[in-house]
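Shown next, in C-alpha cells, is the structure this report addresses.
Computed from a predicted structure; not experimentally measured.
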Amino acid sequence: MKLKSLLFISSIFILFSGASVFGQQTDSEPKNMVKLNVLPLISGKFAFEYERMIKDRITVGGAVSFRPSKGLPFLSTVRDIVDNDDLNEFLDGFKSGNFSITPEARFYTSKRGPFRGFYVAPYLKYTNYSLRAPLNYDLELTAGGQTFKESGSIPVKGSLNAYTAGFSIGFNFRLTDNLNLDWRLIGPGYGFAKGSLGGQKKLTADEQEQIRKELDDIKDALSDLPVSVKMKYEVHGEGVDVKVSNSPWAGIRSGLSVGYRF
C-alpha cells in the first residue's frame, strides 16, 4: 500500500507541479499537449498521454493506458521464448487485461521551441494485470485391469501488480501549429512485481498430486526466464492458491503518438 500511495502522490505532483512556474512562459505559446499513442493499438491496447510545458525545454506529464481482457498478445513469440510444453499449454488459455499509469518529466535538447526535438524522459510506472487461465492436468486411472487417462481442469484467476522506473528517449516533431508527432524510440524500465492467483474446486488426492507436478513444471520454466518470476503455491482439497512474491520485473516503453497542442 505504501508503494501504491507513493506512486500516486508522485503522479499528482509531476502532473501539477508546473503550476507555480507557468508565469515564466509567454501566453502566445500553447503549454499543453494531449496525445494518442497509436502503436499499442496493434495489440488492442489504448494509451492516452498528457504533457505540459513548465520551462522552454522542460515538460511534465503522464500516460494512462488500458487493455481489455483477452488472449496473450504475440503468443507465438512468447511460446518460442518459453519452449516448455506445460507452461505453453497454460498460456494457450491465458486471458489478461491491464491498466497502467506512468508519470514522467521530459528534458528537451533542441532550442527551436517547446515540444520539439530530441528528449530524455525519466519515468515511474505502475501496472495492474488481471489474470485468468485454466490449469489443465491429466490423471492415469486403472479400472478393470486397464489403464486410461482422464483430463481435468481448474480455473484460476487473480492479479499482478508491477512497479518499474526507467527513462525514455525520443523525438517530438511539429507537424503544424497545433499538431505534433511524438516518436518514443525506447524506454527501458526495471522494478519488481507481486500478486496472487487462486482457483476453487473439490480435488481428490490424486488430482492434488498431479496439479502439484504441473505447477512444479511451470515454476521451473518461469525461473528460467531472463527475468525470473518467484512463485509459491499451495494445493489442497478445496483448490489451489498461487502467490508471486517480489520478483524482478522489466519492460520497454515505445510509442508513436499524435499530439494536439492547446
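Within the structure, ring pair (Phe, Tyr, Trp, His ring centres under 6.0 Å) pairs that include any residue of residues 238-258 comprise Y129-W249 (at least two apart or interchain). Under the salt bridge (Lys or Arg N to Asp or Glu O under 4.0 Å) criterion, the residue pairs touching residues 167-184 are K35-D182, E49-R184, R106-D182, with sequence neighbours excluded. Listed by first and then second residue, the salt bridge (Lys or Arg N to Asp or Glu O under 4.0 Å) pairs involving residues 250-262 are E29-R261, E104-R253 (not counting sequence neighbours). Residue pairs meeting the ring pair (Phe, Tyr, Trp, His ring centres under 6.0 Å) criterion with at least one member in residues 210-231: none, sequence neighbours excluded.
Without hydrogens or angle criteria, S247 side chain to K230 main chain gives a donor-acceptor distance under 3.5 Å. The closest donor-acceptor contact from the side chain of N37 to the backbone of L256 lies under 3.5 Å. A donor-acceptor pair under 3.5 Å links the side-chain atoms of E207 to the main chain of T204, judged by distance alone.
Residues satisfying the side chain to side chain contact (heavy atoms under 4.5 Å, CB included) criterion with E238, sequence neighbours excluded, are K202, H236. Under the rule for a side chain to side chain contact (heavy atoms under 4.5 Å, CB included), the partners of E150 that lie at least two apart in sequence or sit in another chain are L141. Considering only residues two or more places apart in sequence or on other chains, F66 meets the ring-ring contact (aromatic ring centres under 6.0 Å, His included) condition with F46. By the ring-ring contact (aromatic ring centres under 6.0 Å, His included) test, Y108 pairs with Y119, sequence neighbours left out. Considering only residues two or more places apart in sequence or on other chains, F118 meets the ring-ring contact (aromatic ring centres under 6.0 Å, His included) condition with F171. In terms of the side chain to side chain contact (heavy atoms under 4.5 Å, CB included) criterion, S130 has no residue partners (sequence neighbours excluded). In this structure, the side-chain hydrogen bond (donor to acceptor under 3.5 Å, both in side chains) partners of S65, at least two apart in sequence or on a different chain, are S100. Qualifying salt bridge (Lys or Arg N to Asp or Glu O under 4.0 Å) partners for E209, counting only residues two or more places apart in sequence or in other chains: R212.
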